[in-house]
Asks: 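One structure is given below, represented as structure tokens, and several questions about it will come after.
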Amino acid sequence: MTVVTKVIKGNQYYYYQDNIKGNLNNKIKTVSTLIGRTDLDDEALLSKRAIALEKHFIKVFKEISLITKVNYKF
């Protein structure tokens, strides 16, 4: 996992980014999760990083099929 900086409409943002190889199709997919803007103070950035890290791990686990999607119909 890496932290990358992206520029969107003139503003810089931090993202977590991973390249994941799928189980079924063997394609490499990039999974990224927004952390926050680069101009945040240290305390706010630290709390946003913790929240984004949890969201990022859930996205990664879904991509490698450790968490399966369940569709319920009632």
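Nothing here was measured: the structure is a model prediction, and the numbers come from that model.
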Asks: Residues in side chain to side chain donor-acceptor pair (under 3.5 Å) with Y15, at least two apart?
Replies: none
Asks: What is the distance from atom CD1 of I28 to atom CG of N19, rounded to the nearest 0.5 Å?
Replies: 6.5 Å
Asks: Between F61 and V31, is there shared hydrophobic-cluster membership here, with clusters defined by ILVMFWY side-chain heavy atoms closer than 4.5 Å?
Replies: yes
Asks: Ignoring hydrogens and angles, write down the donor-acceptor pairs under 3.5 Å from the side chains of residues 1-12, residues two or more places apart or on other chains.
Replies:
unit_1 : atom_1 : unit_2 : atom_2 : d
T2     : OG1    : Q17    : O      : 3.4
N11    : OD1    : R37    : NH2    : 3.3

Asks: Atom OG in S47, atom CG in D42: separation rounded to 0.5 Å?
Replies: 11.0 Å
Asks: Going hydrophobic residue to hydrophobic residue with side-chain gaps under 4.5 angstrom, can you get from L53 over to L45?
Replies: yes
Asks: Looking at every non-hydrogen atom in both residues, tell me the closest pair between T33 and A52 and how far apart they are.
Replies: CG2-O, 3.7 Å
Asks: Is Y16 close to I35 at the side-chain level, that is, under 4.5 Å between some pair of heavy atoms?
Replies: yes
Asks: With rounding to the nearest 0.5 Å, note down the distance linking NE2 in H56 to OG in S32.
Replies: 8.0 Å
Asks: I need the full list of salt bridge (Lys or Arg N to Asp or Glu O under 4.0 Å) pairs touching residues 43-56, with sequence neighbours left out, sorted by first then second residue.
Replies: none
Asks: Kindly write out the residues that satisfy ring-ring contact (aromatic ring centres under 6.0 Å, His included) with Y14, not counting sequence neighbours, or none if the list is empty.
Replies: none
Asks: Do L40 and Y13 share a hydrophobic cluster, counting only Ile, Leu, Val, Met, Phe, Trp and Tyr and linking them when any side-chain heavy atoms are less than 4.5 Å apart?
Replies: no
